[in-house]
There are 2 protein chains.
Amino acid sequence: MIVADGRQAMYRKVAAELRQGISDGAYGSGGRLPAEAALAEAYGVSRGTIRQALALLRADGLVTSRRGTRRVVLGTARVQTFSETVSFTRWARSLGEEPGGRVVDVVRRPADPVEREKLRLAEGEEVCLVLRVRTLSAVPVMVERSVYPRHIGEIVAGLDPAAVSHTVPLEEHGVRFTDVHHTIDVTYADADDAALLGCRAGAALLRERRCSTDPTGSPVEWSEDRYLPGTVAFTVHNSSAATALSRRTTT
Amino acid sequence: MIVADGRQAMYRKVAAELRQGISDGAYGSGGRLPAEAALAEAYGVSRGTIRQALALLRADGLVTSRRGTRRVVLGTARVQTFSETVSFTRWARSLGEEPGGRVVDVVRRPADPVEREKLRLAEGEEVCLVLRVRTLSAVPVMVERSVYPRHIGEIVAGLDPAAVSHTVPLEEHGVRFTDVHHTIDVTYADADDAALLGCRAGAALLRERRCSTDPTGSPVEWSEDRYLPGTVAFTVHNSSAATALSRRTTT
DNA sequence: GCGGCCAGGTTGGCTGTACAACTTGACGCG
DNA sequence: CGCGTCAAGTTGTACAGCCAACCTGGCCGC
C-alpha cells in the first residue's frame with residue numbers, strides 16, 4: 001500500500017513501483033504480471049488507477065497488454081524519464097558519465113523564414129543562436145546549434161559559458177519543456193564541426209533536430225545536434241497501442 | 001454523432017474524427033480544441049471516452065493538455081499509423097512512392113548467442129536470415145538484414161523473391177506485429193552494402209535495428225536496416241506525459 | 001491606470017459499475 | 001489420442017459522478 005503525499009499522482013507512484021519490481025526481476029522476463037484486480041487490491045486503489053499506471057509501462061514497452069490474458073513482461077531495461085531525454089546533462093549523469101559543455105558562439109539576429117516557422121515567430125522578430133560543444137568525460141561528442149526566441153535567448157546568453165547544463169537554469173527561470181519533436185538522420189561535418197569534434201570535414205555525423213514546446217504549446221527551442229558516430233544511439237519503442245516513431249523521406 | 005459498428009472502438013473513431021478536423025485546420029494551428037464536455041455532447045459519448053481519444057492525439061504530439069485550460073493544437077502534420085511504421089511497403093505507399101524489394105540471400109543456420117538473446121531462443125535452435133535490398137521508384141535506398149525464428153522463416157523463405165512486401169503475407173499467415181523496439185545510429189557500408197546500394201565501401205549509412213514482438217510478447221523478427229543517407233529520416237514525438245524516445249551510449 | 005481578488009471554466013485524478021471480447025485450461029466426447 | 005465445447009479468468013470499452021488543481025478574464029479597490 002502506497003501513501004498519497006499529494007506531490008505525485010497515485011498512478012505514477014504505482015507505475016514506479018511496478019517498474020522497480022520489473023527491473024528487479026520480480027516477475028521474470030517473459031513472466032506475467034498479476035491481474036489488474038489483484039494489483040488494485042494490493043495497492044489499495046481502484047482498477048482505473050491501476051490501468052493508468054499500466055498504460056505508462058505499456059508506452060515504455062515494458063509490458064504487453066492483450067484482452068483475455070494477463071500482461072507479459074517484455075524486458076527489464078531501465079527506461080529514461082522525459083527529463084533525461086530532454087537534457088543531455090541529466091541523461092549523461094543518469095548513466096554515470098561526466099557531461100561537460102562549452103559555449104562557442106552566441107549570435108542575435110532577426111529570424112530567417114525557417115526559424116520563424118519552427119518557432120512560430122512574426123517577421124522581424126529576433127532569435128538567439130547558441131553554438132555549443134558538449135563532452136562526455138572531457139571528450140567532445142556533440143555539437144549543438146540551438147535557436148531560441150528572444151525572451152529565452154536572453155536567459156541563455158546570461159549563463160556562464162562553461163555551464164554544464166542550460167536546461168536546469170532555464171527551468172529555474174520557469175521555462176518548462178513538455179513536448180519535443182525529434183528528427184534523426186545523417187549529415188556531414190562542416191568546418192566548424194570538424195574543428196570542434198576533432199574529425200575531418202565531410203565526415204558523417206548522426207544528426208538530431210529537435211523542436212521543443214512549453215506547456216502552453218509555444219515553441220521554446222529549435223536545435224540541431226550533431227553526434228560523432230559511435231558515441232550515442234537513439235532508441236524508440238512503439239506499439240500498436242501508441243505510435244510515436246515515424247519514418248520520413250528527406251526533403 | 002458517430003455510429004458504433006462494433007469493429008472499432010468508439011474512442012478510436014472519435015480520435016480519427018478529431019485528427020481529421022485538426023489536419024483540415026478546423027481549429028487552426030495553435031488554436032484551441034472544444035472542451036471535453038462539449039466534445040462529449042457533440043459526439044454523444046461520455047467524457048471518459050473523449051479523454052481516451054484525446055490521449056491518443058496527445059501521444060502523437062498533435063495537441064497539448066494542461067490542467068485548467070483547453071487543449072491547444074500543436075501541429076497539423078499527418079501522423080503515421082503503426083502499420084505504416086512497421087512496414088516499409090505500406091510506409092512508402094502512404095507517401096505516394098513506389099516501393100520495391102528483392103531478396104538477395106536466404107540462409108538457415110543455428111542461432112548465434114546474440115540472436116538467441118534477441119529472439120529468446122534456446123541453444124541449438126535454428127534461425128532464418130534474409131538479406132534484401134529495398135527500393136523507392138526502382139532506386140535502391142536500403143539494405144535489410146532480417147533474422148527470423150524458424151517457424152516464421154519458413155513462411156518468409158517460401159515467398160516470391162521479388163515480392164514487394166513481406167509484412168503483408170506474414171500477416172495473412174497470422175503473424176502479427178504489435179511492439180517494436182528501434183535503435184537508430186550510424187554505421188559504415190560493407191562490401192555487400194556497397195554493391196547493393198551503389199555506394200563505396202566504408203560510406204556512412206543510417207542504421208535502424210529493430211526487434212519486433214507479437215501479441216503474446218514473443219519476438220518474431222530482429223532486423224538491421226541500413227539506409228543511404230539523404231533518403232529517409234526518423235521522427236519521434238515525446239512528451240512529459242509519455243516517454244518513448246531515449247538516447248543510448250554505443251557499447 | 002494598475003494590481004489583487006474572485007468566480008467560472010477546464011482538465012487531472014480517482015472511484016465504482018457493468019458488460020463485451022478474448023484467452024486459457026479443463027473436461028468430456030468420439 | 002485428438003478434438004471441440006465450455007467455464008472461469010482477464011483485459012478492453014464505456015458510462016456516471018465527484019472533487020482538486022489550475023487558468024483566465026473580469027471586477028473592484030486603490
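By convention in this document, chain letters (A, B, ...) are assigned in the order of the sequence lines, proteins followed by strands, and residues within each chain are numbered from 1.
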Verdict with reasoning, B:Thr235 to A:Thr183, per side chain to side chain donor-acceptor pair (under 3.5 Å): CA-CA 4 Å; B:Thr235 70; A:Thr183 302; 5.6 Å; no
Evaluate the side chain to side chain contact (heavy atoms under 4.5 Å, CB included) criterion for residues A:Leu18 and A:Leu54: first the C-alpha distance (whole Å), next the side-chain angles of each, then the deciding distance (0.1 Å), finally the verdict. CA-CA 8 Å; A:Leu18 289 171; A:Leu54 289 169; 3.9 Å; yes
Show the distances under 3.5 angstrom between N or O atoms of the protein and N or O atoms of nucleotides 14-16 of chain C.
{"unit_1": "C:dC14", "atom_1": "OP1", "unit_2": "A:Met10", "atom_2": "N", "d": "2.6"}
{"unit_1": "C:dC14", "atom_1": "OP2", "unit_2": "A:Tyr11", "atom_2": "N", "d": "3.3"}
{"unit_1": "C:dT15", "atom_1": "OP2", "unit_2": "A:Ser46", "atom_2": "N", "d": "2.8"}
{"unit_1": "C:dT15", "atom_1": "OP2", "unit_2": "A:Ser46", "atom_2": "OG", "d": "2.9"}
{"unit_1": "C:dT15", "atom_1": "OP2", "unit_2": "A:Thr49", "atom_2": "OG1", "d": "2.5"}

A correct 5'-to-3' footprint of nucleotides 3-8 of chain D, with B, S and - meaning base, sugar-phosphate only and no protein heavy atom under 4.0 Å, is ------
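- With rounding to whole Å, B:Leu39 atom CG is found 12 Å from C:dT11 atom C1'.
- Between B:Thr216 and B:Thr69, the residue anchored nearer the 5' end of DNA chain C, judged by the nucleotide with its closest heavy atom, is B:Thr69.
- Closest approach of A:Ala111 and A:Arg116 over heavy atoms only: O-NH1, 3.4 Å.
- Atom pair B:Arg70:CZ and C:dT11:C1' shows a separation of 12 Å (rounding to whole Å applied).
- Distance, B:Leu54 CG to D:dA14 P: 14 Å, rounded to whole Å.
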Determine, step by step, whether A:Glu144 and A:Arg132 satisfy the salt bridge (charged side-chain N to carboxylate O under 4.0 Å, His left out) criterion, reporting the C-alpha distance in whole Å, the side-chain angles of both residues, the deciding distance to 0.1 Å, and the verdict. CA-CA 5 Å; A:Glu144 179 183 80; A:Arg132 195 151 67 122; 3.3 Å; yes
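- A:Asp179 and A:Ser212 share no side-chain donor-acceptor pair at under 3.5 Å.
- Counting all heavy atoms, side chain and backbone alike, B:Glu221 lies closest to B:Tyr148 at OE2-OH, 3.2 Å.
- For the pair B:Arg71 (side chain) and B:Ser65 (backbone), a donor-acceptor distance under 3.5 Å is absent.
- The stretch residues 60-68 of chain A touches DNA chain C through A:Arg66, A:Arg67, A:Gly68, each having a heavy atom within less than 4.0 Å of the strand.
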I'd like to know whether B:Thr178 forms a side chain to side chain donor-acceptor pair (under 3.5 Å) with B:Asp214, so could you lay out the CA-CA distance, the side-chain angles of the two residues, the decisive distance to 0.1 Å, and finally the verdict. CA-CA 5 Å; B:Thr178 52; B:Asp214 69 11; 5.8 Å; no
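- The distance between atom CZ of A:Arg71 and atom C1' of C:dT24, rounded to the nearest whole Å, is 17 Å.
- Whole-Å rounding puts the A:Arg51 CZ to C:dG13 P distance at 17 Å.
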